[in-house]
Amino acid sequence: MPTERGFPFAWLVVGASLVILLVLVCAVSLSGPLHLLQQGQPQTALGMTLSQGDRQGGVLVTSLQQRGPAERGGIEVGDRIISVDHRPAMSAAAVGDAVRSSPSNMIHLQVMHDGREHVVQLSRQGSPHES
């Protein structure tokens with residue numbers, strides 16, 4: 001039979017363990033690259049996966065779909081997307097929102113590649129154009 005002091009202490013340990021478990025689950029689910037562009041509509045539209053935004057501005061291209069619009073448009077892994085249709089690319093989610101809300105099939109990306117900025121026009125379904 002538990003003592004008066006041992007029983008409440010056991011519940012305290014169980015409760016604290018559950019809180020720690022919840023924090024760990026949340027931390028794991030929020031870490032790593034954002035897969036919005038890998039699993040949702042923008043992936044099929046542009047064919048790339050992006051990391052979360054950082055202090056340098058923009059989001060980093062972490063992978064490309066083979067022969068997808070981004071790859072055909074000359075975007076490479078390691079490029080940084082600065083803006084989409086003149087909207088700042090503060091996060092992968094912001095890029096996804098801009099792509100989904102674009103009224104046109106042509107998406108204008110401002111991209112930083114090897115220290116130089118350029119604009120790439122990607123068609124969701126057609127061939128890309130660079131300016």
Side-chain angles (χ1 to χ4, degrees):
M1 177 166 213
T3 65
E4 289 181 27
R5 299 175 106 192
F7 190 71
F9 179 74
W11 279 108
L12 179 65
V13 170
V14 169
S17 299
L18 289 174
V19 169
I20 291 170
L21 180 62
L22 179 62
V23 168
L24 289 174
V25 167
C26 289
V28 169
S29 68
L30 295 175
S31 65
L34 197 66
H35 293 288
L36 170 70
L37 298 183
Q38 186 175 30
Q39 297 171 354
Q41 177 199 3
Q43 201 299 342
T44 58
L46 300 181
M48 63 181 163
T49 305
L50 303 175
S51 70
Q52 295 184 26
D54 60 22
R55 291 182 186 183
Q56 294 179 354
V59 291
L60 194 65
V61 176
T62 58
S63 69
L64 295 168
Q65 177 185 27
Q66 257 188 334
R67 293 181 295 280
E71 184 180 73
R72 290 191 323 265
I75 293 178
E76 298 178 13
V77 171
D79 287 356
R80 186 170 297 280
I81 307 298
I82 306 299
S83 68
V84 179
D85 289 338
H86 308 289
R87 293 168 56 185
M90 302 302 288
S91 67
V95 172
D97 290 344
V99 170
R100 278 189 298 276
S101 66
S102 177
S104 171
N105 275 342
M106 284 302 254
I107 308 296
H108 298 82
L109 300 177
Q110 185 176 358
V111 178
M112 178 72 74
H113 176 79
D114 289 336
R116 296 181 50 212
E117 286 186 28
H118 62 282
V119 175
V120 176
Q121 296 179 28
L122 301 178
S123 173
R124 289 184 191 145
Q125 299 160 351
S127 60
H129 302 56
E130 184 173 330
S131 60

Exercise for the section: For Thr62 and Thr49, indicate whether the former's side chain and the latter's backbone hold a donor-acceptor pair under 3.5 Å. Expected result: yes
Problem - Distance-minimising heavy-atom pair for Pro88 and Ala94 - result: O-CB, 4.3 Å
Exercise for the section: Describe, in one word, how the ring planes of His108 and His86 are oriented to each other, choosing from parallel (under 30°), tilted (30 to 60°) and perpendicular (over 60°). Expected result: parallel
Handout entry: Minimum heavy-atom distance Ser63-Val77, with the two atoms named
Key = CA-CG2, 3.8 Å
Completion exercise
Of all heavy-atom pairs linking Asp79 and Gly74, the shortest is OD2-O, 4.1 Å
Fill in the blank from the handout: In this structure, NE2 of His113 is separated from NE2 of His118 (nearest 0.5 Å) by 6.5 Å
Problem - Spacing of Leu46 atom CG and Ile81 atom CD1 [to the nearest 0.5 Å] - result: 8.5 Å
Problem - Closest approach of Ser123 to Pro69 (non-hydrogen atoms, all atoms of both residues) - result: O-CB, 3.7 Å
Completion exercise
Distance col, row Glu117:CD vs Gln110:CD, nearest 0.5 angstrom, shows 4.5 Å
Completion exercise
Rounding to 0.5 Å, atoms CD (Glu76) and CG (Asp114) come to a distance of 7.0 Å
Problem - Single-linkage hydrophobic cluster Ile82~Val119, side-chain heavy atoms < 4.5 angstrom - result: no
Practice task
Kindly give the heavy-atom pair with the smallest separation between Arg87 and Ala98, and that separation in Å.
Solution key: NH1-CA, 3.5 Å
Handout entry: Minimum heavy-atom distance Arg67-Arg72, with the two atoms named
Key = O-NH1, 2.6 Å
Completion exercise
Rounding to 0.5 Å, atoms CE (Met48) and CG (Leu109) come to a distance of 5.0 Å
Fill in the blank from the handout: Per side-chain contact (heavy atoms from CB on, under 4.5 Å), Arg80 is matched among Val111, Leu60, Val61, Val59 by Leu60
